[in-house]
Amino acid sequence: MTNIIWRSHPAPSLSGTVRVPGDKSISHRAIMLGALADGTTHISGFLEGEDCLATMRAFQAMGVAIEHHGEGRVTVHGAGLHGLRAPTAPLDVGNSGTSMRLMAGVLAGQPFASELIGDASLMQRPMRRVTEPLALMGAEIATSERGTAPLAIHGKPLHGIRYTLPVASAQLKSALLFAGLYAEGTTFITETGISRDHSERMLRGFGVEVQQNGATLAIRGGQRLTARDVVVPGDVSSAAFFLVAALIAPEGELLLENVGMNPTRAAVVEILRAMGGDITVANPREAGGEPVADLRVRASRLHGITIDEALVPIAIDEFPIIFIAAACAEGETRASALHELRVKESDRLAVMTAGLRALGVNCEAGEDTMRIRGKAGTAFTGGQVASHGDHRIAMSFAVAALRAAAPVEILDCANVATSFPTFRALAQGVGMQIEESHA
Ligand code: S3P
């Protein structure tokens, strides 16, 4: 991939309306469940980012007919629960942890062998959290010695288990739910912390019974899925960059339309409000089984807070941009229980700390904690930061430039295309100035 460099400039004011692209988590699941369903699924609002396209290509490689019409419209001709065919080559899911972990669950119970691979970042990420419980269900999956991909999967008959998730991970929960469809008997999954519930919601939408008893989910094997149309809401994780941009810009106001507000996803709004952010939730409604709203956001004087640990898994992907907000908030912001940030697309605690310090911010990361002393007025010097190929780090520092003394140069931005290919265009449309060059 070419190395893309961004140069983001301070800007006095933002204004306008933004419609962020479709939710990444829901787009992946729509392809997967559509592929396993009986009948035809029409998806609208599909995220045309590299990650979701990787999921689409992987299912096409297993014989599923999927038509990509563009502009977020996709038609999936379901192959049925037992209709996937053996792929003839390893399935390369690029940067996408969601594709790899959720597909491991689907592939574990197939009557064929398959291999999952990804890019340099994904090949470093922990996979035992998925392969170990799948092995308890009877799966045979080999990882590298370090517990990373490639995942060599020999499909086996599976059986239900009772399992308590050791981490609050929707990817792990979803892998086990999907494997549970192929298992004999019932699979019981107990969560110890809240994680996004898109899989449960969508499975139910496709007619699968997923029972919930307190923190325990139960799914009976052998249930067939019935195709239905999926309307994908805007991605709150993408909206978060514009939320913070509008809050920290010296002046102005943005309207963010059609943002997914699932309560297991949208804690970023609560956290930013607790920091003094002026965010109005308007026109709440439901789309495709998910809560959606429009968000009006005004430039605000933020102050530091201690972030409630219970909100961490519900805002897990938003911490890079929350750290930027914290650097612009008067006083100290503290967060803890951030261990999962170390195993995302990059070590987000280390990479954010290095970038914030390069821009003159007083901050300190512990093993799973972060402390940031923020400032009103100019919060960052100009300078250069490394995104380490992490899309959310790149977009976070592009937003930080709004409150910098001089332009911020961000290295290695090509992976923004994994989750938000239109970010730069939308940002420029509301008054940000981000130049792009290719190295
Ligand atoms: C995702 C779950 C989260 C999140 C990721 C997408 C999903 O990961 O970080 O970007 O779609 O299920 P974990 O479940 O591992 O926390």
Side-chain angles (χ1 to χ4, degrees), residues 21-33 46-47 49-52 54-55 93-106 118 121-122 124-133 147-149 165-179 189 191-203 217 230 232-233 235-241 260 262 264-268 290 309-322 337-349 352 368 389-393 395-396 415-416 418-420:
D23 188 280
K24 180 154 77 76
S25 293
I26 297 173
S27 296
H28 281 297
R29 288 157 171 81
I31 295 280
M32 293 181 190
L33 298 193
F46 177 75
L47 171 64
E50 286 302 324
D51 279 12
C52 301
T55 290
V93 293
N95 193 241
S96 178
T98 307
S99 312
M100 185 170 281
R101 296 203 178 107
L102 271 58
M103 286 178 60
V106 173
S121 151
L122 184 53
Q124 305 283 327
R125 296 181 62 187
M127 291 297 146
R128 282 202 184 111
R129 57 179 59 192
V130 180
T131 59
E132 282 176 357
T148 55
L165 303 182
V167 274
S169 163
Q171 294 181 350
L172 168 51
K173 171 175 63 177
S174 305
L176 300 183
L177 283 169
F178 294 172
I189 304 160
E191 293 196 85
T192 45
I194 293 175
S195 68
R196 62 193 70 189
D197 66 358
H198 305 302
S199 294
E200 301 90 295
R201 281 178 188 256
M202 202 183 288
L203 280 165
L217 296 169
V230 179
V232 182
D235 196 323
V236 64
S237 300
S238 297
F241 299 106
N262 180 313
T264 63
R265 268 299 286 289
V268 64
E290 292 274 345
E309 282 188 3
L311 298 181
V312 170
I314 313 172
I316 191 68
D317 291 337
E318 285 63 80
F319 276 88
I321 192 65
I322 289 170
L338 300 175
H339 42 274
E340 281 295 299
L341 294 191
R342 295 217 177 262
V343 290
K344 293 293 179 189
E345 287 82 329
S346 69
D347 176 344
R348 287 182 173 161
L349 272 183
M352 282 304 296
D368 70 345
D390 185 326
H391 54 137
R392 299 200 197 278
I393 305 270
M395 290 184 275
S396 295
N415 275 343
V416 169
T418 60
S419 71
F420 200 166

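From a predicted model like this one, the values you see are computed outputs, not experimental measurements. When a ligand or atom number is given, it counts from 1 through the structure's own listing order.
- If you check which protein heavy atom lies closest to atom 14 (O) of ligand 1, you get A170 N, 2.7 Å.
- Of all atoms in ligand 1, listed by their number and element, those nearer than 4.0 Å to a heavy atom of K344 are 3 (C), 4 (C), 8 (O), 9 (O), 13 (P), 15 (O), 16 (O).
- For ligand 1, the polar-atom distance check against I316 finds no nitrogen or oxygen pair separated by under 3.5 Å.
- Side chains of S25 and H198: no donor on one and acceptor on the other come within 3.5 Å.
- A salt bridge (Lys or Arg N to Asp or Glu O under 4.0 Å) with D317 is found for one member of R265, K24, R196 and no other, namely R196.
- At least one N/O-N/O distance between R29 and ligand 1 falls below 3.5 Å.
- Looking only at protein heavy atoms, the nearest one to atom 10 (O) of ligand 1 is D317 OD2, 2.8 Å.
- In this structure, E345 does not pair ionically with R392, as no charged nitrogen and carboxylate oxygen lie closer than 4.0 Å.
- In this structure, the separation between OG1 on T131 and CZ on R101 is 10.0 Å, given to the nearest 0.5 Å.
- The closest side-chain heavy-atom distance from R29 to T98 is below 4.5 Å.
- At under 3.5 Å, not a single nitrogen or oxygen of R392, backbone or side chain, sits near a nitrogen or oxygen of ligand 1.
- Nearest to atom 11 (O) of ligand 1 among the protein's heavy atoms is S25 OG, 2.7 Å.
- Of all the atoms in ligand 1, the ones that sit under 4.0 Å from a non-hydrogen atom of S169 are 13 (P), 14 (O), 15 (O).
- Of the possible donor and acceptor atoms, none in the side chain of T418 sits under 3.5 Å from a partner among the backbone N and O of D51.
- Between the side chain of D23 and the main chain of I26, a donor-acceptor pair closer than 3.5 Å is present.
- Contacts with ligand 1 closer than 4.0 Å are made by side-chain heavy atoms of R196 only, the backbone lying farther away.
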